[in-house]
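Only one structure is covered here, and it is reproduced in the block below.
Source: prediction; values computed, not measured. Chain letters run A, B, ... following the sequence lines, proteins first, then strands; residues in each count from 1.
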There are 2 protein chains.
Amino acid sequence: MPIEGLATQLRKGVIEYCVLAMLRNTPRYGGELIQLMRSQDGLLTSEGTIYPLLSRMRADGLVDTEWRETPRGSPRRYYRLTKAGQQAVSDFQREWVRFRATVDHVFVHEGGPQG
Amino acid sequence: MPIEGLATQLRKGVIEYCVLAMLRNTPRYGGELIQLMRSQDGLLTSEGTIYPLLSRMRADGLVDTEWRETPRGSPRRYYRLTKAGQQAVSDFQREWVRFRATVDHVFVHEGGPQG
DNA sequence: CCGACCATCCTTGTATTGCAAGGCTCCTTG
DNA sequence: CAAGGAGCCTTGCAATACAAGGATGGTCGG
């Protein structure tokens, strides 16, 4: 079990909200998001992760989409946060802080009062 | 999608190592681990999570087991960390610190330099 | 025009994991 | 014997990340 596989499980349930966070201030398209995620240590992803994810978020109403022409090449589908998406990011952020504190606590105390 | 469901995905890949961490200083049995996990905010679990997990860890050589008699009632299977288990906890801890930093970074910067 | 190439988007199938629901065994209590 | 509880485990399901493969449409060299 490589060290990569360890992080793969950590990513579950987090990647979605990282993508949403990256859309907070500006719309972006698929390839751009993949590049951005890859530039973050520990969030390595592939197309097979991002595109189904974006479809899901669109179906859930967390993002809006809009096609934009490009100077050269195919048009790109840009994703933008909806109100619900912004709310989801906020909710996650709260939950993340709480979860992070819990895990830190477990690893500091190493298993309880007797430890 | 309740707020509980949000944390359910966060737990993936973390519960296993939290259980291992709880075995660092003393062997414990199933019911004890369930109670301990439940006492940690954000790590709510059930038997259906813990027992398959413990079986997996035993198969992977991360824990040893030993039956112990009790004054009353059924004997209990106690779990204890192996060398490999201790190593796994250390590896995870390193990975967790790194992962945590990455997620924090994404949420602080909110998606990039243009933001 | 024609073929090679590339960026963009998406789909399908697999592995891992957390969890609810249910079952088994043994002991105690009446 | 019957009822109940503590401990252990199995089965089936849902959500997610990811590899692999494919469809489309534009550019570029000949």
Worksheet entry | Nearest-neighbour nucleotide for the B:Gln9 side chain, C:dC9, D:dC18, D:dA15 considered | D:dA15

Practice prompt. Please answer: with hydrophobic residues joined when any side-chain heavy atoms are less than 4.5 Å apart, are B:Tyr78 and B:Ile50 in the same cluster?
Written response: no

Worksheet item: When the distance from CZ of B:Arg11 to C1' of D:dA17 is rounded to whole Å, what number comes out?
Response: 19 Å

Discussion item. Let me spell it out: for each of B:Gly30 and A:Leu53, pick the nucleotide of DNA chain D with the closest heavy atom. Which residue's pick is nearer the 5' end?
Written reply: B:Gly30

Discussion item. Output the rounded distance in Å from CZ (B:Arg28) to P (D:dG7).
Written reply: 15 Å

Worksheet item: Does A:Arg56 put a side-chain nitrogen or oxygen below 4.0 Å from OP1 or OP2 of D:dA15?
Response: no

Practice prompt. Take B:Glu47 and B:Ile15, find for each the nucleotide of DNA chain C with the closest heavy atom, and name the residue whose nucleotide sits nearer the 5' end.
Written response: B:Ile15

Practice prompt. May I ask you to verify if any side-chain N or O of B:Thr49 is less than 4.0 angstrom from the OP1 or OP2 atom of C:dG18?
Written response: no

Worksheet item: Do B:Thr70 side-chain atoms and B:Pro75 backbone N/O form a donor-acceptor pair below 3.5 Å?
Response: no

Practice prompt. Please state how far atom CZ in B:Arg76 lies from atom C1' in D:dC8, giving the value in whole angstrom units.
Written response: 12 Å

Response to the item:
To the nearest angstrom, the OH-P distance between A:Tyr29 and C:dA7 comes to 10 Å

Worksheet item: Within the structure shown, what part of the strands sits under 4.0 Å from B:Tyr79 by heavy-atom distance: base, sugar-phosphate, or nothing?
Response: sugar-phosphate

Response to the item:
The residue, A:Pro52 or A:Arg72, whose nearest nucleotide of DNA chain D is more 5′ is A:Pro52

Practice prompt. Indicate whether OP1 or OP2 belonging to D:dA19 is found under 4.0 Å from a side-chain N or O atom of A:Ser46.
Written response: yes

Worksheet item: Between A:Trp67 and B:Gly48, which has a closest nucleotide on DNA chain C that is more 5'?
Response: A:Trp67

Fill in: Interatomic distance, A:Met57 CE vs D:dA15 P [rounded to whole Å]
17 Å

Worksheet item: Whole Å only: how far is the OH atom of A:Tyr51 from the P atom of D:dA17?
Response: 16 Å

Discussion item. In this structure, how many angstroms lie between the C1' atom of D:dC8 and the CD atom of B:Glu66, rounded?
Written reply: 16 Å

Discussion item. With a 4.5 Å cut-off on side-chain heavy-atom distances among I, L, V, M, F, W and Y, is there a chain of contacts connecting A:Tyr29 to A:Leu62?
Written reply: no

Worksheet item: Salt bridge between B:Asp104 and A:Arg100, side-chain N to carboxylate O under 4.0 Å?
Response: yes

Practice prompt. Rounded to the nearest angstrom, tell me the gap between atom CG in B:Leu43 and atom P in C:dG18.
Written response: 11 Å

Worksheet item: Would you call the rings of A:Phe92 and A:Trp96 parallel, tilted or perpendicular if under 30° counts as parallel and over 60° as perpendicular?
Response: parallel

Worksheet item: Taking only side-chain nitrogens and oxygens of B:Arg58, does any of them come within less than 4.0 Å of OP1 or OP2 of D:dC9?
Response: yes

Discussion item. Any donor-acceptor pair, under 3.5 Å, between the side chain of A:Lys12 and the base of C:dT16, if you only look at N and O atoms?
Written reply: yes

Fill in: A:Arg77 vs C:dC10: side-chain N/O to OP1/OP2 distance below 4.0 Å
yes

Worksheet item: A:Thr45 near the nucleic acid: base, sugar-phosphate alone, or nothing, with a heavy-atom cut-off under 4.0 Å?
Response: sugar-phosphate

Fill in: B:Leu53 reachable from A:Phe107 in the ILVMFWY side-chain graph, under 4.5 Å edges
yes

